[in-house]
Undergrad: 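One structure, as structure tokens, below. Some questions next.
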Amino acid sequence: MSYRVLSCFPFVGMALFSLLFVLLFNPTISLESQAFYFNLLLGGGVGGGLFYLIGSFIQRNEFSPLLEGWGFAAMLAIGAAPAFAMFGLHALSFTPPATGQMAAALGEIKQSELRLPALDVKNAPLVPKGLAIRKASAALSEIGSLSSQLTLGEMVKQEVNGKLVWVAFLERADFFKWFSLDSAPGYVVVSATDYSEVKVVTEIDGKPLSMKYGPGSYFGEDLRRHVWLNFSATSFFSQFTPEIDDSGRPFFVVPIARPLLGSQVFMTEGVLTVDAQTGEIKQYTADNAPAWVDLIESEDLVKTKIHKAGHFVNGAFNWSGKDKFKVSSLDQVFSSDGKSLWVAGITNTSFETGVQRFLFIDTRSGEISEHKVQGVVESRAKQIVVDS
């Protein structure tokens, strides 16, 4: 094999492994994402080094330099480019335009004279998540022999037909269970107001459920991979949240987000619904999404926005910590008019036990209202929200 051919080995390895790392380990294929360059650099380094060793052995059957002169310099330059790009983007996050964007990430916050908004007393979440998981796990015995091959997915709180419930989709327990089972047979619903109300749903309108797509599936049925390949490989997708519509049909709700330049803050631009049975993908804006879709503003996106807004409230070099704040807790509640809200307890970074205010964030539109409860300790503040 000629030296000219062998000299291409590291470049081929860098290209192949960079693409592999980006596709497998990070769904954000965005030039504005630091994580994208991290994966590009890591993949390029692993692939380039591996193929360099292979070429060295083929040429001389020993470890020896394969590229010399300009060729070696070119390899170093290509390998270093993602690193410079990644650190360059990180440096951008400390420039005034970037810090201004992050400080304003929450958008307009409406000031409220009311202590707290009117919450839905009939749907007070009396059943905590841990208890709901235990009750749902116990209910799996109703499925019979299949129960040993299944596991509970993420437990999500949702209002369905006016009732507050916890919903968890069933998933095949591991790769071998996925390989042997054609699909998962349904989901479990636990009332959020009465833990004795537990139901395993395996059919709708007399038709058995057959849920192929989910985070616990593999290959083409893996939820993230399915969305990348069939919708967009260049968009950022936030949490894949299981929700059921008012007829009981299972879906995954997937917010679409755009990163702010030089930061890890993402702004929601729409939402996808993915049918857990057929894999059908539909795109919506926050305004025209179906009424049963609750979590367009996902928990991760909201927490990051609050964190960045609080950290950069007075610029990047606020050494005194003036006015800095952070989120101490984030819980989902439902108002009396049926809206789903994130209630975020906001504390001063230097006084972590006292809640300054509550932010109530509409999980569909992202609209925020502020309710001050100055000087209340966090444990008492949470109780105020529940009791209201």
Side-chain angles (χ1 to χ4, degrees), residues 23 27 136 140 143 146 149-161 163 165-173 175 177-190 199-257 268-301 340 363-364:
L23 288 176
L140 286 183
I143 302 178
L146 277 181
Q149 297 178 281
L150 300 169
T151 186
L152 286 176
E154 181 186 3
M155 183 71 75
V156 175
K157 187 165 35 178
Q158 184 185 356
E159 196 169 66
V160 181
N161 292 320
K163 293 184 178 180
V165 295
W166 290 100
V167 179
F169 289 2
L170 297 178
E171 298 177 0
R172 289 158 285 186
F175 175 78
K177 306 297 191 303
W178 171 84
F179 188 78
S180 60
L181 286 178
D182 181 63
S183 61
Y187 55 86
V188 183
V189 178
V190 181
K199 180 170 59 175
V200 180
V201 180
T202 57
E203 61 178 41
I204 299 175
D205 298 329
K207 296 180 179 179
L209 288 171
S210 178
M211 298 163 57
K212 293 178 176 291
Y213 297 88
S217 298
Y218 295 85
F219 301 116
E221 295 177 3
D222 176 84
L223 189 59
R224 284 188 178 272
R225 186 172 293 110
H226 175 70
V227 174
W228 296 346
L229 296 177
N230 293 278
F231 178 76
S232 172
T234 58
S235 298
F236 177 82
F237 305 108
S238 183
Q239 291 171 274
F240 288 62
T241 306
E243 292 192 38
I244 57 176
D245 66 10
D246 290 335
S247 68
R249 193 174 180 86
F251 292 86
F252 286 94
V253 174
V254 188
I256 310 170
T268 308
E269 292 191 326
V271 67
L272 304 178
T273 60
V274 184
D275 192 310
Q277 297 186 94
T278 65
E280 182 184 11
I281 301 172
K282 292 184 178 180
Q283 182 181 4
Y284 303 95
T285 65
D287 294 330
N288 67 9
W292 57 266
V293 174
D294 288 333
L295 298 180
I296 297 177
E297 290 286 339
S298 69
E299 181 177 2
D300 287 347
L301 292 178
S340 170
T363 64
R364 283 177 60 95

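Remember, it's a predicted structure, so these values are computed and weren't measured experimentally. Computed from heavy atoms alone, side chains included, the values below leave out hydrogens, waters and symmetry copies.
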Undergrad: Checking the side chain of Glu154 only, and the main-chain atoms of Pro242 only, is there a donor and an acceptor separated by less than 3.5 Å?
TA: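 No; judged by distance alone, with no hydrogens or angles, the pair does not exist.
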Undergrad: Any side-chain to backbone donor/acceptor pair from Gln239 onto Asp300? Under 3.5 Å, distance only.
TA: yes
Undergrad: Would you give the length of the straight line joining atom CZ of Phe219 to atom CH2 of Trp178, rounded to the nearest 0.5 angstrom?
TA: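 Spacing of CZ (Phe219) from CH2 (Trp178) equals 5.5 Å.
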Undergrad: Restricting to non-hydrogen atoms, name the atom on Gly153 and the atom on Ala168 that form the minimum distance, rounded to 0.1 Å.
TA: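 Looking at all heavy atoms of both residues, the closest pair is O-CB, 4.1 Å.
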Undergrad: Nearest 0.5 Å, what's the CZ-OG1 distance between Phe251 and Thr241?
TA: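 Rounded to the nearest 0.5 Å, the CZ-OG1 separation comes out at 14.5 Å.
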Undergrad: Under the criterion side chain to side chain contact (heavy atoms under 4.5 Å, CB included), I'd like the reasoning laid out for Leu152 against Leu170: C-alpha separation, chi angles, the key distance, then a yes or no.
TA: CA-CA 5 Å; Leu152 286 176; Leu170 297 178; 3.8 Å; yes
Undergrad: Distance from Leu272 atom CG to Phe240 atom CZ, nearest 0.5 Å?
TA: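 Result: 8.0 Å between the selected atoms.
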Undergrad: Heavy-atom count check: over 12 atoms from other residues, nucleotides or ligands less than 6.0 Å from Phe179 CZ?
TA: no
Undergrad: Below 4.5 Å, heavy atoms only, C-beta onward: do Ile256 and Thr268 meet side chain to side chain?
TA: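 No. Closest side-chain heavy atoms not under 4.5 Å.
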Undergrad: Short question: side chain of Arg364, backbone of Ser340 - any donor-acceptor pair under 3.5 Å?
TA: no
Undergrad: Provide the closest heavy-atom pair for Glu203 versus Pro208 in the form atom of the first, atom of the second, distance.
TA: CB-CA, 3.8 Å
Undergrad: Specify whether Tyr187 and Phe169 have parallel, tilted or perpendicular ring planes, treating 30° as the upper limit for parallel and 60° as the lower limit for perpendicular.
TA: tilted
Undergrad: State the CE-CD distance between Met211 and Glu171, to the nearest 0.5 angstrom.
TA: 8.0 Å
Undergrad: Any non-hydrogen side-chain atom of Val165 less than 4.5 Å from a side-chain atom of Val190?
TA: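 Answer no - side chains too far apart.
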Undergrad: Can you check whether Tyr213's main-chain N or O pairs, donor with acceptor, with His226's side chain at less than 3.5 Å?
TA: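 Checked: no pair found.
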Undergrad: Any pair with a residue in residues 212-223 that passes salt bridge (charged side-chain N to carboxylate O under 4.0 Å, His left out), sequence neighbours left out, goes on the list, sorted by first then second residue, please.
TA: Arg172-Glu221, Asp182-Lys212
Undergrad: Is a side-chain N or O of Asp245 found less than 3.5 angstrom from the main chain of Ser247, in a donor-acceptor match?
TA: yes
Undergrad: Rounded to the nearest 0.5 Å, what's the gap from OG1 on Thr273 to CD1 on Ile281? Could you check?
TA: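 Reported to 0.5 Å precision, the distance equals 9.0 Å.
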Undergrad: Name all residues meeting the side chain to side chain donor-acceptor pair (under 3.5 Å) criterion together with Glu269; count only those two or more places apart in sequence or in a different chain, and write none if there are none.
TA: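 By the side chain to side chain donor-acceptor pair (under 3.5 Å) rule, Glu269 matches Arg258.
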Undergrad: Report yes if the side chains of Pro185 and Leu150 come closer than 4.5 Å at any heavy-atom pair, otherwise no.
TA: yes
Undergrad: What are the two closest heavy atoms between Ile204 and Pro250, and how far apart are they?
TA: CD1-CD, 4.3 Å
Undergrad: What donor-acceptor contacts under 3.5 angstrom involve side-chain atoms of residues 287-296, with partners at least two apart or in another chain?
TA:
residue : atom : partner : partner atom : Å
Asn288  : OD1  : Thr285  : N            : 2.8
Asn288  : OD1  : Thr285  : OG1          : 3.2

Undergrad: For the residue pair Leu181 and Leu146, establish whether any side-chain heavy-atom pair is separated by less than 4.5 Å.
TA: yes
Undergrad: Could you check if a side-chain atom of Glu243 sits within less than 4.5 angstrom of a side-chain atom of Val167, using non-hydrogen atoms only?
TA: no
Undergrad: Output the distance between atom CD (Glu299) and atom CD (Glu297), rounded to the nearest 0.5 Å.
TA: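 Nearest 0.5 Å value for the CD-CD distance: 12.5 Å.
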Undergrad: Should Val200 and Leu140 count as side-chain neighbours, where that means a heavy-atom distance under 4.5 Å?
TA: no
